*Asks:* 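Right, I'll just put the structure down here and ask away after.
All values derive from a computational prediction rather than experimental measurement. The chains referred to below are lettered A, B, ... by the order of the sequence lines, with proteins before strands, and numbering in each begins at 1.
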There are 2 protein chains.
Amino acid sequence: MADTTTKERADRQELILDAVLRVLGEQGISGVSIRSVAREAGVSHGLVGYHYDDKVGLITAALRRIEEQDVGLVSADPDLTPEQRLRAALRRIAAKEFLTTDYLSLRLQLWSLAQADEEFERINTEAQRRYRRGLADLIRAARPDLTRAECNRKAATINVVQNGLWLTALLGLDRASIKRSVELCEELAFA
Amino acid sequence: MADTTTKERADRQELILDAVLRVLGEQGISGVSIRSVAREAGVSHGLVGYHYDDKVGLITAALRRIEEQDVGLVSADPDLTPEQRLRAALRRIAAKEFLTTDYLSLRLQLWSLAQADEEFERINTEAQRRYRRGLADLIRAARPDLTRAECNRKAATINVVQNGLWLTALLGLDRASIKRSVELCEELAFA
DNA sequence: GGCAGGACTGGACGGGCGTTCAAGAGAAAT
DNA sequence: ATTTCTCTTGAACGCCCGTCCAGTCCTGCC
């Protein structure tokens, strides 16, 4: 029992943030309350108030947590050529782990949240900007013949299709259409 | 004052539904309560309960109301040729009245809502299906050389780009990128 | 052992919520 | 004039919420 306490001690905050994202994805923001999160995480509601200033602080912390995951989407595998890296990044957004309802639903809730609160909007806009920048860099490396402005334009257009892919996937897009959309992204990048 | 009462009497329900959509777009679902809607509409909260069974019934009614608007998006102007009709429909989604933050934010909240509640999901899925069907019909009329299956495929892909266009516009997409995305839709339809 | 301090609990408080309902206002029918 | 009906109000109920805080547990340090 002693090691359980020790192990869980440090993980209590992680447990809470996990619970926030889980409840957010499943029930939307109106299902997220300090008390419901505490119940989901299996801790007292007082502890949530102890670790995070208030409700906004709690959600902000959860947002920053999922943000880290996003950066990985355009991270490059050093073993690949620039072209392979770009293709891998373009295909990664249609990978199994991201096309789950859980993940997409959470994403949608984050976008939705950003519209209702300025602090959340700031976080979201910055994450989006960072992703677009990473994508443009990948294109630039794979297509040295293009100017930076052209790469930025391509990245913006591809980002539109990708966002549409995620959103529409959530609304029930079939696998074949998803595959076609990914191919469209590759065409946009390489043609 | 007598006519005011008479006029407003019949419009009281409209007033309430307008208020729901306004609050939903501005503050998200967590800002929508029977009482906040009543305040926004300038009526007593008891009246909202009188006209609508409960909170879910109220939001459902508001959803059905905005749904009517959507059907108009693929409605055809009889004076145009099939090709012109299709182009008009494709360009309409980037029209000023739809690219406002208010409208897009509301749209996003509807999508978000659909993830959190089954009844809302049903309404949303049907609306989406109806739109895709209308788009496929427009393509079929403009491109008689294509099979119905090909038209459906094209409609699905275009729908992805359009959804992405709306979503990304909300997150701060520049006008030039929007124009490029609309052009992409036209290319997809006609090439 | 004693103690300081961080982690954690659960009760208490005031407030907003959804829902219900008795009461009233006004128009139409009798 | 009285009745009947629909529309409308605001008070009342119990519930869950966010926040605060006194108290408890555990660990590391002297």
Side-chain angles (χ1 to χ4, degrees), chain A residues 1-24 26-63 65 109 113 116-120, chain B residues 1-24 26-63 65 109 113 116-120:
Chain A
M1 188 61 81
D3 62 341
T4 310
T5 343
T6 319
K7 250 191 293 177
E8 290 197 347
R9 173 75 66 86
D11 291 335
R12 235 38 185 272
Q13 295 199 42
E14 299 280 311
L15 230 57
I16 293 172
L17 293 186
D18 281 344
V20 173
L21 297 179
R22 218 171 321 131
V23 175
L24 189 57
E26 284 169 11
Q27 314 192 65
I29 182 62
S30 58
V32 176
S33 67
I34 285 189
R35 288 171 124 100
S36 69
V37 165
R39 275 194 300 272
E40 175 78 18
V43 302
S44 69
H45 67 267
L47 185 61
V48 180
Y50 173 76
H51 281 306
Y52 304 95
D53 284 348
D54 53 14
K55 192 177 172 178
V56 174
L58 170 65
I59 299 179
T60 301
L63 255 57
R65 191 159 189 277
Q109 297 301 333
L113 225 52
D117 185 288
E118 283 196 7
E119 171 70 6
F120 301 153
Chain B
M1 189 58 83
D3 62 339
T4 311
T5 342
T6 319
K7 249 190 296 177
E8 290 198 349
R9 173 77 63 86
D11 291 335
R12 233 46 183 268
Q13 295 198 43
E14 299 279 312
L15 230 57
I16 293 172
L17 292 186
D18 281 344
V20 173
L21 296 179
R22 217 170 323 132
V23 175
L24 189 58
E26 284 169 10
Q27 313 192 73
I29 183 60
S30 58
V32 176
S33 69
I34 286 190
R35 289 170 123 100
S36 69
V37 166
R39 275 193 300 270
E40 176 78 19
V43 302
S44 71
H45 66 266
L47 186 62
V48 180
Y50 173 76
H51 281 305
Y52 305 95
D53 284 347
D54 54 13
K55 191 178 172 177
V56 174
L58 169 66
I59 298 179
T60 301
L63 254 57
R65 191 158 190 277
Q109 297 300 332
L113 225 51
D117 185 287
E118 283 196 9
E119 171 71 6
F120 301 153

*Asks:* Donor-acceptor pair, Ser30(B) side chain versus Ile29(A) backbone, under 3.5 Å?
*Replies:* no
*Asks:* Who passes side-chain hydrogen bond (donor to acceptor under 3.5 Å, both in side chains) against Thr60(B), sequence neighbours left out?
*Replies:* none
*Asks:* Kindly state each residue pair satisfying salt bridge (Lys or Arg N to Asp or Glu O under 4.0 Å) with at least one member in residues 43-57 of chain B, sequence neighbours excluded.
*Replies:*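 Those involving residues 43-57 of chain B do not exist here.
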*Asks:* What's the CZ-P distance between Arg12(A) and dC26(D), to the nearest Å?
*Replies:*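 After rounding, the reported distance stands at 12 Å.
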*Asks:* How close or far is atom C1' of dT24(D) from atom OH of Tyr50(A), stated in whole angstroms?
*Replies:* 13 Å
*Asks:* Sequence neighbours left out, what passes salt bridge (charged side-chain N to carboxylate O under 4.0 Å, His left out) with Glu26(B)? Give chain and number order.
*Replies:* none
*Asks:* When the distance from NE2 of His51(B) to C1' of dT19(C) is rounded to whole Å, what number comes out?
*Replies:* 16 Å
*Asks:* Test of understanding: with side-chain contact (heavy atoms from CB on, under 4.5 Å), list the residues that count as partners of Ala116(B), not counting sequence neighbours.
*Replies:* none
*Asks:* What pairs with Arg65(A) under salt bridge (charged side-chain N to carboxylate O under 4.0 Å, His left out), at least two apart in sequence or on another chain?
*Replies:* Glu14(A), Asp18(A)
*Asks:* How would you list all residue pairs meeting salt bridge (Lys or Arg N to Asp or Glu O under 4.0 Å) that involve residues 28-40 of chain A, not counting sequence neighbours?
*Replies:* Arg22(A)-Glu40(A)
*Asks:* With rounding to the nearest 0.5 angstrom, report the CG to CG distance, Leu63(B) to Leu17(B).
*Replies:* 10.5 Å
*Asks:* In this structure, how many angstroms lie between the C1' atom of dA7(C) and the CG atom of Asp11(A), rounded?
*Replies:*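 The distance from CG of Asp11(A) to C1' of dA7(C) comes to 14 Å, rounded to the nearest Å.
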*Asks:* In residues 33-46 of chain B, what residues come within less than 4.0 Å of DNA chain C, judged by heavy atoms?
*Replies:*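 Of all residues in residues 33-46 of chain B, the ones placing a heavy atom under 4.0 Å from DNA chain C are Ser33(B), Ile34(B), Arg35(B), Arg39(B), His45(B).
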*Asks:* Starting at CG of Asp53(A) and ending at C1' of dG18(D), how long is that distance when rounded to a whole Å?
*Replies:* 13 Å
*Asks:* Counting runs of three or more consecutive pairs, Watson-Crick or G-U wobble, with each distance below 3.5 Å, where are the stems of DNA chain D?
*Replies:*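 Stems (3+ consecutive pairs) listed as C:1-30 with D:1-30.
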*Asks:* Would you mind reading off the distance between Ile59(B) atom CD1 and dC17(C) atom P, rounded to a whole angstrom?
*Replies:*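 After rounding, the gap between these two atoms is 13 Å.
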*Asks:* Between dC20(D) atom P and Tyr52(A) atom OH, what is the distance in whole Å?
*Replies:* 17 Å
*Asks:* Step by step, work out the side chain to side chain contact (heavy atoms under 4.5 Å, CB included) result for Tyr52(A) and Ile34(A).
*Replies:* CA-CA 10 Å; Tyr52(A) 304 95; Ile34(A) 285 189; over 6 Å; no
*Asks:* To the nearest Å, how far apart are Leu47(B) CG and dT6(D) C1'?
*Replies:*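 In whole Å, dT6(D) C1' lies 11 Å from Leu47(B) CG.
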